[in-house]
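Remember, predicted model here, so these are calculated numbers, not experimental data.
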Amino acid sequence: MPDQLAHYVFARRVWKACGRALRDRIDPDSIAFRLGTFGPDPLFTDLNARHRAEGFGLHRQPGFVALERMRESVRGGLPRAADYAAGFFTHYALDRLCHPELKAMDARGEVRHLPLEAAYDRALYLRGEGELPRRIFPGEADCRAAVEMYHSLTPRQFRADVRLYWAMRRALATQSGTFLASLPGKLSPAWDGIIPYAEPSEGVLRGIAMLDQKLKEGAPVAAEQLERYFAAIDAGALLDAWVAPDFAGKEHDSD
């Protein structure tokens, strides 16, 4: 998962690459659209084990498992459902496109997955791409649309998850330094370096260049698939086989 700012930057590029009809249908400035670009990630920090399990479970299942959950709310015209579904689709698409290379770089020892994601968001932040307001305020309609994706969450619980997630991810993008970067590693080795260093390593710089390329090349691909997604919803048809892999790009049967 590239981090939250990368997902938002990518989502807006995807929206711009879509046809006029879909652009008119989706509001990329809505809170619901931005919430969708978070994907299931806000559930990862929920104190409730059942909620966390649902978030991680969606990541490990074929993409269509999650995306099917928005079909009825989008077709039924639930307020903000189309915005949330579109944002969520772009989250899935970017994960699906980037994760194989991220995992390969990690396996080769070039750069670790989680620290690279945080460093990339910081790089985008320093370039002035996207926006990082201090707080995000999901409305009732935003949260009601979002929880159509989840079996275990109420709108109130989702709002609490989003606020915590936003505070944590924003802090990672806006802070840096070797001392700060060492602190999470004292709690868990997996988190070592997750706060970006002031001066990125060569591996991180190569990873940032790779992600830049993925965001650029992936936007028109994801836009085409987003069009197919909404067309399938409108027609009551099966989703495209492109969404058969899970969020890590692992192939699954679409039958």
Side-chain angles (χ1 to χ4, degrees), residues 1-8 10-11 14 26-28 30-96 99 117 135-170 222 225-226 229-230 232-233 236 238-240 243-250 252 254:
M1 58 171 190
D3 221 330
Q4 58 86 21
L5 185 55
H7 274 293
Y8 186 57
F10 180 72
V14 172
I26 304 301
D27 180 3
S30 72
I31 294 292
F33 182 79
R34 185 152 201 166
L35 296 180
T37 69
F38 296 165
D41 296 1
L43 277 66
F44 296 169
T45 53
D46 196 298
L47 297 178
N48 186 303
R50 183 163 60 99
H51 300 165
R52 291 197 305 275
E54 182 169 15
F56 285 116
L58 285 178
H59 257 269
R60 292 190 291 265
Q61 296 181 78
F64 60 76
V65 172
L67 296 169
E68 275 287 357
R69 295 184 180 184
M70 295 300 297
R71 183 188 288 269
E72 292 308 315
S73 59
V74 172
R75 288 194 74 184
L78 181 71
R80 297 304 185 190
D83 292 346
Y84 184 82
F88 193 101
F89 187 97
T90 67
H91 179 101
Y92 163 76
L94 189 57
D95 273 10
R96 179 200 185 287
H99 266 177
E117 291 171 350
R135 293 179 180 84
I136 189 167
F137 297 100
E140 185 68 19
D142 303 316
C143 293
R144 287 195 177 279
V147 297
E148 292 294 310
M149 181 65 72
Y150 308 107
H151 296 323
S152 65
L153 286 177
T154 66
R156 182 177 180 180
Q157 290 166 336
F158 179 75
R159 183 182 290 109
D161 285 349
V162 163
R163 287 176 175 171
L164 176 59
Y165 171 80
W166 178 259
M168 293 176 64
R169 306 320 295 183
R170 184 182 185 280
Q225 293 302 327
L226 183 60
Y229 174 54
F230 273 88
I233 287 177
L238 293 174
L239 299 187
D240 197 271
V243 299
D246 63 20
F247 285 67
K250 180 181 177 182
H252 287 261
S254 58

Sidechain N-carboxylate O distance under 4.0 Å for Glu72, Arg75: no
How would you list, by chain and number, every residue that makes a side chain to side chain donor-acceptor pair (under 3.5 Å) with Ser73, sequence neighbours excluded? none
Rounded distance (nearest 0.5 Å) linking atom CG of Asp95 with atom CZ of Phe10: 10.0 Å
State the CG-OH distance between Leu58 and Tyr92, to the nearest 0.5 angstrom. 12.0 Å
What distance separates Met149 CE from Glu68 CD, expressed to the nearest 0.5 Å? 10.5 Å
Mark yes or no for whether Asp46, through its side chain, and Asp161, through its backbone, hold a donor-acceptor pair below 3.5 Å. no
Is there a donor-acceptor pair closer than 3.5 Å between any side-chain N or O of Arg71 and the backbone N or O of Ala232? yes
Both conditions, 6.0 Å and 45 degrees, for the charged tip of Arg69 above the ring of Tyr150: are they met here? no
With a 3.5 Å distance limit and no angle check, can you tell me whether His51 reaches the backbone of Ser152 through a side-chain donor-acceptor pair? yes
Output the distance between atom OG1 (Thr90) and atom OH (Tyr229), rounded to the nearest 0.5 Å. 11.5 Å
Counting N and O atoms only, with roles assigned by atom type, does the side chain of Arg159 sit under 3.5 Å from a partner on the main chain of Pro138, one being a donor and the other an acceptor? yes
In terms of the angle between their ring planes, are His91 and His7 parallel, tilted or perpendicular, with boundaries placed at 30° and 60°? parallel
The reported gap from CD in Glu54 to CG in Leu43 (rounded to nearest 0.5 angstrom) is 6.5 Å
So Phe88 and Tyr84, would you call those rings parallel, tilted or perpendicular, with 30° and 60° as cut-offs? tilted
Counting only heavy atoms not in Arg170 (residues, nucleotides, ligands), do more than 12 fall under 6.0 Å from its CZ? yes
Taking atom CZ of Phe44 and atom CZ of Phe38, what is their separation to the nearest 0.5 Å? 13.0 Å
